[in-house]
Structures are given as C-alpha cells and as structure tokens.
Amino acid sequence: QVQLVESGGGLVQAGDSLRLSCVASGRTSTHAMGWFRQAQGKAREFVAAISWNGGLTIYGDSVKGRFTISRDNAKNTVYLQMNSLKPEDTAVYYCAADSDTLVVTPELSEYDTWGQGTQVTVSS
C-alpha cells in the first residue's frame, strides 16, 4: 500500500513562489498523481494531475499558467511548483495517487491514497 508525505509549504507573500514535494513510500511509478487543496471551511479542490510517465498534465482553471506539476519516478517524488501566489491560494495542499493508470482525472473520488497535507499561507 502506498503512503504519501507532502512537504514544502509555508508562509509567503503574494507574488512569491513555493515548490511542494510529495514523497511516496511504495510503488507509484505506474500511478497517476494529483494535487488537491482545501481551504478552511471549504471543499477539497482539484489543482493538478500528471500521468504515470509524465506525458500528460492537467490543471484546475484557478491555477493554470501559474502552477506546474512534475514527477521524478526514480525518486518516487511528485512536485508542484507554485508561482505568482495569491492570497486565495491559501489552503492545505494534499497529494494523491490514482492506481488506475489508464486515465488522468480531476475527480477527487478517483484517487486511492492521500497524504497528510502541507499548509500554504499567502499574505497580502
């Protein structure tokens, strides 16, 4: 069974950048991977996803053009590079694994395994 641990969150100012990392314990090389976020009192929201070989990426409308998802299967790690951060990006960010290697999806319910989350706070 896969376990995921996120890191790299913190407190930054609007316009700054952060890179989040998600390290997997277990085999994820053939899993699609995603990033989601959840602001306090809000529903969990799709951010980005990447296919098992990195050949396909998709993004939520609110982050497209600012965030980039990537993966390094040799390191069993997925990254989320976040640029031009806005206060509305403030949330707990979660990575997730999808054991279905046939699809890359923004649908939260399709993901099998979740990390514990890392807090990103963007001040004005």
Side-chain angles (χ1 to χ4, degrees):
Q1 200 71 22
V2 173
Q3 291 188 322
L4 307 173
V5 179
E6 305 95 334
S7 63
L11 174 61
V12 299
Q13 294 183 340
D16 284 353
S17 297
L18 281 173
R19 189 179 74 161
L20 306 183
S21 299
C22 174
V23 178
S25 298
R27 297 176 181 87
T28 58
S29 294
T30 58
H31 291 56
M33 300 292 295
W35 286 96
F36 294 77
R37 66 188 184 186
Q38 188 166 22
Q40 187 66 239
K42 303 291 186 179
R44 196 163 296 187
E45 175 190 20
F46 172 72
V47 175
I50 188 167
S51 61
W52 71 271
N53 64 357
L56 178 64
T57 58
I58 58 173
Y59 296 91
D61 289 341
S62 63
V63 306
K64 192 170 185 177
R66 298 188 297 123
F67 291 9
T68 303
I69 188 171
S70 61
R71 69 189 298 165
D72 185 340
N73 287 344
K75 297 180 179 179
N76 226 15
T77 302
V78 182
Y79 304 97
L80 185 69
Q81 178 67 45
M82 305 185 295
N83 297 328
S84 301
L85 283 162
K86 305 174 181 180
E88 50 262 46
D89 296 317
T90 295
V92 177
Y93 283 71
Y94 300 89
C95 68
D98 179 7
S99 62
D100 182 357
T101 63
L102 301 180
V103 65
V104 180
T105 180
E107 186 61 45
L108 184 151
S109 64
E110 294 296 321
Y111 290 82
D112 307 305
T113 304
W114 295 82
Q116 87 290 347
T118 185
Q119 177 71 47
V120 173
T121 302
V122 185
S123 64
S124 300

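Everything numeric in this text was worked out from a predicted model, so none of it was measured.
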Side-chain donor or acceptor of [X] paired with backbone N/O of [Y] under 3.5 Å:
X	Y	answer
D72	T77	no
R66	Q81	no
S62	G60	no
N73	G54	no
Y59	I69	yes

Rounded distance (nearest 0.5 Å) linking atom CZ of R37 with atom OG1 of T118: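 That separation rounds to 14.0 Å.
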Separation of T121 OG1 from D89 CG (nearest 0.5 Å):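 Between D89 CG and T121 OG1, I get 11.0 Å after rounding to 0.5 Å.
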Heavy-atom pair of closest approach, residues [X] and [Y]:
X	Y	result
G117	V92	CA-CG1, 3.7 Å
P106	F36	O-CE2, 3.7 Å
Y111	A49	OH-CB, 3.4 Å
V122	K86	CB-O, 3.3 Å
T30	W52	C-CB, 3.6 Å
A91	A39	CB-N, 3.7 Å

Side-chain heavy atoms of [X] within contact of [Y], under 4.5 Å:
X	Y	result
K64	I58	no
H31	V2	yes
D112	D98	yes
V104	S51	yes
W114	L4	no

More than 12 heavy atoms of other groups within 6.0 Å of Q3 CD: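 Counting neighbours around CD of Q3, 12 or fewer heavy atoms of other residues, nucleotides or ligands fall under 6.0 Å, so no.
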Mutual orientation of the aromatic rings belonging to Y93 and F67 [parallel < 30°, tilted 30-60°, perpendicular > 60°]: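 Judged by the thresholds at 30° and 60°, the geometry between Y93 and F67 is tilted.
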Donor + acceptor pair across side chains of T90, E88 (<3.5 Å):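 No, no side-chain donor-acceptor contact under 3.5 Å.
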hydrophobic_cluster_shared for V63 and L85, side chain cutoff 4.5 Å: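 In one cluster: yes.
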Geometric cation-pi criterion R44 and Y94, 6.0 Å radius, 45° cone: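 Satisfied, under 6.0 Å and within 45°.
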Step-by-step side-chain contact (heavy atoms from CB on, under 4.5 Å) determination, E6 to W35: CA-CA 10 Å; E6 305 95 334; W35 286 96; 3.8 Å; yes
Donor-acceptor contacts, no H, no angles, side chain residues 11-22, under 3.5 Å, sequence neighbours left out:
{"residue": "D16", "atom": "OD2", "partner": "Q13", "partner atom": "N", "Å": "3.1"}
{"residue": "S17", "atom": "OG", "partner": "N83", "partner atom": "OD1", "Å": "2.9"}

side-chain contact (heavy atoms from CB on, under 4.5 Å) assessment of E45 paired with Q38: CA-CA 6 Å; E45 175 190 20; Q38 188 166 22; over 6 Å; no
